[in-house]
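Accompanying notes for the structure given below.
Position 1 is the first residue of the sequence, and the numbers go up from there.
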Amino acid sequence: MKYTYKQIWLINLPVMVSLLMEQLINLTDSIFLGRVGHIELGASAIATMYYIAIYMLGFGFSLGTQVVIARRNGEGRNDEVGRVFFQGLYFLSAFAVVIFILSKLFSPALLRLVVSSDEVWRATVEYIGWRDYSYLFAFPLLAIRAFFVGTTRTKILTTNAIVMVVCNVVCNYLLIFGRGGCPALGIGGAAMGSSIAELVGLGFMVVYMRWRVERMRPVLDLRLSLHLLGVSIWTMVRQFFCLAPWFLFFVAIEHLGEIQLAAANVVRSISMIFFVIVNSFATTMISLTGNLIGSGRAAEVMPTGRRVIALNYALGLPLIILAFVLSGSLLRLFTNDAAVIETAFAPFCVMLSTFLISGPAYTWCNTVIGTGNTRVAFVIQMANIVLYLTYLFALSRSPEIPLAMYWTSEQLYVLMLLVLSQWWLRMDKWKHRIL
């Protein structure tokens with residue numbers, strides 16, 4: 001048996017919708033804040049990337065948990081699937097509390113070190129002050145998602161994501177502009193709405209699991225927790241360093257001016273739609289790889305990866321063409337500021353072209369993760385990040401460099417990710433790794 005295009009699509013679709021809806025939370029924040037002012041729009045870019053960079057530590061652990069769940073599921077060891085899930089849930093819940101406390105204590109000072117504009121810094125801190133409550137709800141939700149993706153039972157993720165986005169839109173409207181008797185909190189209201197949406201999403205999934213999922217006995221197994229941490233530590237660090245450069249990217253642009261920062265946030269917000277397509281297929285590839293190897297079908301991994309990439313292009317390329325044709329309307333969706341729209345167009349075009357490389361690059365990199373060789377994926381990622389930051393530093397040395405040139409750093413990054421991931425997979429050392 002092999003995973004057909006139809007099977008891959010049916011497994012991936014709920015994952016993609018789930019990730020899309022989650023990104024729509026950030027997208028909604030940007031759309032609403034674009035009506036508040038370009039300072040708030042720009043500050044939300046820095047604040048969001050700061051939040052997501054830390055969030056990726058939890059996401060990295062959930063990927064490691066997903067790898068082990070997928071392998072146990074492929075082996076038919078259903079009892080072990082439940083044990084792995086609960087250890088992941090316990091770890092991520094405790095980790096969320098630690099991250100929340102550290103963020104409250106140190107985030108304002110850390111942001112002051114890198115943000116030069118006083119107005120942008122104050123708006124960024126106001127956003128983070130409410131957004132960091134999301135860690136308490138988003139991290140346990142990651143463990144639940146790892147269970148459903150790892151067992152390829154992904155349909156419920158779509159419903160959960162829709163619930164979260166609807167909640168966020170309503171809360172943003174009420175809290176940003178002060179509608180329905182609520183105070184007008186501006187950028188703080190956007191962050192509060194996002195945190196409430198994460199809480200609602202977690203509650204929804206807990207109720208669903210108690211209602212529809214077969215009961216699993218909650219057991220605390222320290223040895224299994226340490227095993228999960230051993231598998232996940234590299235994906236945790238890797239995922240953090242995947243997003244941390246994006247935070248530094250916006251810090252570098254912030255020094256160019258508030259208009260450039262606002263334009264960069266518009267392009268980033270649109271790019272997240274395409275990133276969701278790439279990331280959903282790549283995340284699905286982790287589970288497909290784990291299940292194939294666990295069931296003794298390692299030879300099917302590479303052909304399955306090629307089918308995943310083909311589906312990636314089949315969905316993404318028409319959207320790229322449509323986005324380019326409708327670029328004016330798409331940019332105006334985020335802001336009415338003519339200067340911001342004009343500044344955003346060139347980097348917008350560069351961003352669209354990056355998709356051609358990022359689809360196969362992230363698919364093959366996540367195939368490496370799916371084999372259980374998370375340390376190899378980390379080394380590949382770190383090599384790319386060093387190159388990325390060196391290139392970004394060279395660009396930032398000259399204030400005359402146009403904004404579009406900064407987006408070529410992303411092209412360099414995914415190109416090297418593609419080359420290194422394919423090179424390692426062709427060595428075939430991963431096919432018999434015991435996990």
Distance in Å, Arg122 CZ paired with Glu40 CD, rounded so as to fall on 0.5 Å steps: 11.0 Å

Ignoring hydrogens, what is the shortest heavy-atom contact between Ser287 and Val149? Give both atom names and the distance. OG-O, 3.1 Å

If we ignore angles and hydrogens, is there a donor and acceptor under 3.5 Å between the side chains of Gln260 and Thr343? no

Give me each pair satisfying ring-ring contact (aromatic ring centres under 6.0 Å, His included) with a member in residues 302-328, each pair once, sequence neighbours excluded. none

Take Trp407 and Phe249 through the ring pair (Phe, Tyr, Trp, His ring centres under 6.0 Å) test and state the conclusion after the steps. CA-CA 9 Å; Trp407 247 268; Phe249 176 88; 4.8 Å; yes

Name every donor-acceptor pair, under 3.5 Å, that has one atom in a side chain of residues 387-395 and the other anywhere in the protein, sequence neighbours excluded.
{"unit_1": "Thr390", "atom_1": "OG1", "unit_2": "Val386", "atom_2": "O", "d": "2.7"}
{"unit_1": "Tyr391", "atom_1": "OH", "unit_2": "Thr408", "atom_2": "OG1", "d": "2.7"}

Counterpart residues, side-chain contact (heavy atoms from CB on, under 4.5 Å), relative to Ala190 (two or more places apart): Asp29, Leu33, Tyr127, Asn172, Ile176

For Ala377 versus Ile369, what's the shortest heavy-atom pair and its separation? CB-CG1, 3.7 Å

Name each donor-acceptor pair under 3.5 Å that joins a side chain in residues 161-170 to protein atoms two or more places apart or in another chain, with its distance.
{"unit_1": "Asn168", "atom_1": "OD1", "unit_2": "Ser194", "atom_2": "N", "d": "3.2"}
{"unit_1": "Asn168", "atom_1": "OD1", "unit_2": "Ser194", "atom_2": "OG", "d": "3.3"}
{"unit_1": "Asn168", "atom_1": "ND2", "unit_2": "Ile25", "atom_2": "O", "d": "3.2"}

Donor + acceptor pair across side chains of Tyr135, Ser103 (<3.5 Å): no

Closer than 3.5 angstrom, by distance alone: can the side chain of Trp121 be matched with the main-chain N or O of Pro108 as a donor-acceptor pair? yes

For the side chain of Thr304 and the backbone of Glu300, is there at least one donor-acceptor N/O pair under 3.5 Å apart? yes

Would you call the rings of Trp211 and Tyr208 parallel, tilted or perpendicular, where under 30° means parallel and over 60° means perpendicular? perpendicular

Ignoring hydrogens, what is the shortest heavy-atom contact between Tyr3 and Asn291? Give both atom names and the distance. OH-CB, 3.5 Å

Val368 to Ser421 - nearest heavy-atom pair and separation: CG2-O, 4.4 Å

Sequence neighbours excluded, which residues qualify as salt bridge (Lys or Arg N to Asp or Glu O under 4.0 Å) partners of Asp337? none

On a heavy-atom basis, the closest approach of Arg71 and Thr371 is NH2-O, 3.4 Å

Any donor-acceptor pair under 3.5 Å linking the side-chain atoms of Ser134 with those of Arg131? yes

Quick one: side chains of residues 90-99, donor-acceptor pairs under 3.5 Å with protein atoms, not counting sequence neighbours, listed by atom name and distance.
{"unit_1": "Ser93", "atom_1": "OG", "unit_2": "Leu89", "atom_2": "O", "d": "2.8"}

